[in-house]
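Report on one structure; see the data block that follows.
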Amino acid sequence: MMRTQVAIIGAGPAGLLLGQLLHGRGIDTVVLERRSAEYVLSRIRAGVLENITVELLEAVGCGKRLHEEGLVHGGIDLSFEGRRHRIDIRALTGGRTVVVYGQTEVTRDLMEARRASGATTLYEADDVSLHNLDAKNPKVEFTREGRRETLECEFIAGCDGFHGVSRTSIPASSLRTYERVYPFGWLGILADVPPCHDELVYANHERGFALCSMRSRTRSRYYVQCAADEDPAAWSDERFWGELKRRLDEKTAAGVVTGPSIEKSVAPLRSFVAEPLRFGRLFLAGDAAHIVPPTGAKGLNLAASDVGYLSEALVEFYRERSEAALEAYSARALARVWKAERFSWWMTSLLHRFDDQGDFNRKIQLAELEYLVDSRAAATALAENYVGLHT
Ligand code: FAD
Ligand code: DHB
């Protein structure tokens, strides 16, 4: 039998960051992760960090490599109708920026910090099940190395992503969910070639959306809109590069350096929110509670802000034996979540091709893109959401 104060389910960015935030305040945690550490690190996901995420990583001593290797971006480009237009985010937000630093690197830094702090992480923990959630002594059962084990705790943080066990352990009558599934996905590739441009390019094209991103000055990440059930194996590198270039304006396409892909995968697009983020002693955070389509680059940033709020609430509980902040956690986190849901839905609607959209809706998309490029007010709304709203 093991015992801890806070059992954290999931060693993605939400679980690992929460673990370090609590460790720094003297609160004991155990992280249970279904996969191996290598598997967690092999998943290529988000790349854009808001300031709120950067500050939380700094607070747990994970700012050094991020500042050395992360790329500070003060703008993004919109490509449509054969031209590229810059949105000067820094100028529109009073100097705010984002940092391009891959989720893989964030996770690696957090894993290293956790290892150095001596806190327990149990990888390859199977069949995790949650019990006594509405009592003061919840517990977690799991199987590891063929043995069924029990972890007793005071709180459980469900940081186990969309397909995890935490959200589904809450009785359906105590949870309300909101969902929109988009009829397309993103096919992404990673390649060791220099990026085509020094900032990210988001492209609206009749053939579908495309995104030019990066991980460093020598590693690029590109995405093209594809069918929701697209098989990445049907895409040779050559086919991918051809399709990408076709969707970009001439200047951007001319900058694309092609090379062999080192990863290729399809991600579905979904908007989802479960409310509230609490059931008894179980708190949900990150993708376990909500999903955004990736277009606004918000998923990882919401995971970070959720656990920022949750750690403050747990610290207050242990310091003052007050449940006030724990009671406020769900509403506080959801206020930010819903604004990011709105922004992600809007960016997705603006930039993708919808099969049933018709000529009228296509013209409306182009008018909105022109408006963004011509109007400081419209561009400011995009910019302040892109760098991240605080509440
Ligand atoms: P996760 O990173 O999903 O971590 C959850 C962890 O819990 C995982 O390690 C999982 O193995 C573990 N787990 C699951 N079930 C169990 C269980 N039963 N028991 C124990 N452990 C369990 N966001 C962007 O901003 N830009 C992007 O380009 C982007 N691309 C994405 C591509 C894909 C394929 C996916 C799935 C997401 C993408 N996201 C992107 C979203 C972003 O990566 C997530 O929002 C972010 O990973 C959320 O972090 P998290 O810690 O909440 O969840
Ligand atoms: C990346 C992903 C996004 O969804 C986005 O909006 C910007 C960048 C990326 O993986 O680099």
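Remember, it's 1-based here, ligands and their atoms both numbered in the order they're listed. If you read the sequence from its start, that first residue is 1, and numbering goes on from there.
The main-chain N or O of N385 is found under 3.5 Å from a side-chain atom of K298 such that the two form a donor-acceptor pair. Checking side-chain atoms of W241 against main-chain N and O of G259 turns up a donor-acceptor pair under 3.5 Å. Although no hydrogens or angles enter the test, the distance criterion places no donor-acceptor pair under 3.5 Å between the side chain of S213 and the main chain of L200. The closest donor-acceptor contact from the side chain of H205 to the backbone of R246 lies under 3.5 Å.
Listed by number with element, the atoms of ligand 1 under 4.0 Å from a non-hydrogen atom of I9 are 19 (N), 20 (C). Near R43, with a cut-off below 4.0 Å to any heavy atom, the atoms of ligand 1 are 8 (C), 9 (O), 10 (C), 11 (O). Atoms of ligand 1 found under 4.0 Å from any heavy atom of A46, numbered from 1 in the order shown, are 23 (N), 24 (C), 25 (O), 26 (N), 27 (C), 28 (O), 29 (C), 40 (C). Counting the atoms of ligand 2 from 1 in the order shown, those under 4.0 Å from a heavy atom of L200 are 7 (C), 8 (C). Heavy-atom contacts of R45 reach the following atoms of ligand 2: 10 (O) (cutoff under 4.0 Å). Listed by number with element, the atoms of ligand 1 under 4.0 angstrom from any heavy atom of G161 are 3 (O), 5 (C), 53 (O). The ligand atoms of ligand 2 that sit less than 4.0 angstrom from a heavy atom of V48 are 7 (C), 8 (C). Atoms of ligand 1 found under 4.0 Å from any heavy atom of L300, numbered from 1 in the order shown, are 45 (O). Those atoms of ligand 1 with a heavy atom of L32 less than 4.0 angstrom away are 20 (C), 21 (N). The distance from ligand 1 to the heavy atoms of V128 drops below 4.0 Å at these ligand atoms: 19 (N). Atoms of ligand 1 found under 4.0 Å from any heavy atom of A267 (numbered from 1 in listed order, with element): 32 (C), 34 (C).
In this structure, atom 10 (O) of ligand 2 lies nearest to the protein heavy atom Y223 OH, 2.6 Å. From the protein, the heavy atom lying nearest to atom 28 (O) of ligand 1 is Y223 OH, 3.2 Å. For atom 4 (O) of ligand 2, the nearest non-hydrogen atom of the protein is P294 O, 2.5 Å. Residue, atom and distance of the protein heavy atom nearest to atom 11 (O) of ligand 2 are S213 OG, 2.5 Å. In terms of protein heavy-atom proximity, atom 1 (P) of ligand 1 is nearest to R45 NH1, 3.4 Å. Atom 4 (O) of ligand 1 has its closest protein heavy atom at G12 CA, 3.5 Å.
Checking D126, D160, N301, T295 against atom 16 (C) of ligand 1, the nearest heavy atom belongs to D160. Across R34, R221, E50, E33, heavy-atom proximity to atom 12 (C) of ligand 1 is greatest for E33. Of all the listed residues (V31, L16, T107, D287), D287 holds the heavy atom that lies closest to atom 41 (C) of ligand 1. Closest heavy-atom approach to atom 5 (C) of ligand 2 among the candidates Y222, Y202, Y386, Y101: Y202.
Checking only distances, T295 does come within under 3.5 Å of ligand 2, N or O to N or O. Among the atoms of Q103, some N or O lies under 3.5 angstrom from an N or O of ligand 1. For ligand 1, the polar-atom distance check finds no N/O of P294 at less than 3.5 Å from any of the ligand's N/O atoms. Remark: ligand 1 and R35 share no N or O pair separated by less than 3.5 Å (distance only, no angle test). For the pair A14 and ligand 1, the shortest N or O to N or O distance falls below 3.5 Å. Polar contact with ligand 1: absent for H163 (N/O pair, distance under 3.5 Å).
With hydrogens and angles left out, the side-chain atoms of E341 and Y178 include no donor and acceptor closer than 3.5 Å. Checked by atom type, the side-chain pair W235/E230 shows a donor-acceptor distance below 3.5 Å. Using a 3.5 Å distance cut-off with no hydrogens or angles, the side chains of E55 and N51 do pair a donor with an acceptor.
Considering CG of D237 and CD1 of I262, their distance stands at 11.0 Å, rounded to 0.5 Å.
Taking 4.0 Å as the cut-off, Q103 does not count as a neighbour of ligand 2 on heavy-atom distance. Under a 4.0 angstrom heavy-atom cut-off, A125 registers as lying outside contact with ligand 1. Note on ligand 2: R215 sits in its first shell, one or more heavy atoms being nearer than 4.0 Å. In this structure, F162 has no heavy atom closer than 4.0 Å to ligand 1.
Under 4.0 Å from ligand 1, not a single heavy atom of S265 appears.
Taking the ring centroids of F155 and F317, they lie under the 6.0 Å cut-off. Annotation: H352 is in aromatic contact with F184 [ring centroid separation under 6.0 Å].
Grouping the Ile, Leu, Val, Met, Phe, Trp and Tyr side chains by contacts below 4.5 angstrom, directly or via other members, places Y329 with V6. Both F209 and L372 are part of a single hydrophobic cluster, where members link through side-chain heavy atoms under 4.5 Å apart. No continuous path of ILVMFWY side-chain contacts below 4.5 Å connects Y101 to Y223, so the two sit in separate hydrophobic clusters.
The aromatic rings of F80 and H85 lie parallel to each other, their planes meeting at an angle below 30°, with 60° marking the opposite boundary.
Within 6.0 Å of the CZ atom in R176, the count of heavy atoms belonging to other residues, nucleotides or ligands does not exceed 12.
Remark: R353 engages D355 in a salt bridge, criterion side-chain N to carboxylate O under 4.0 Å. The pair R3-E152 meets the salt-bridge criterion, since a charged nitrogen lies less than 4.0 angstrom from a carboxylate oxygen.
For the pair R167 and F279, the NZ or CZ position fails the cation-pi test of under 6.0 Å to the six-membered ring centre and within 45 degrees of the ring normal.
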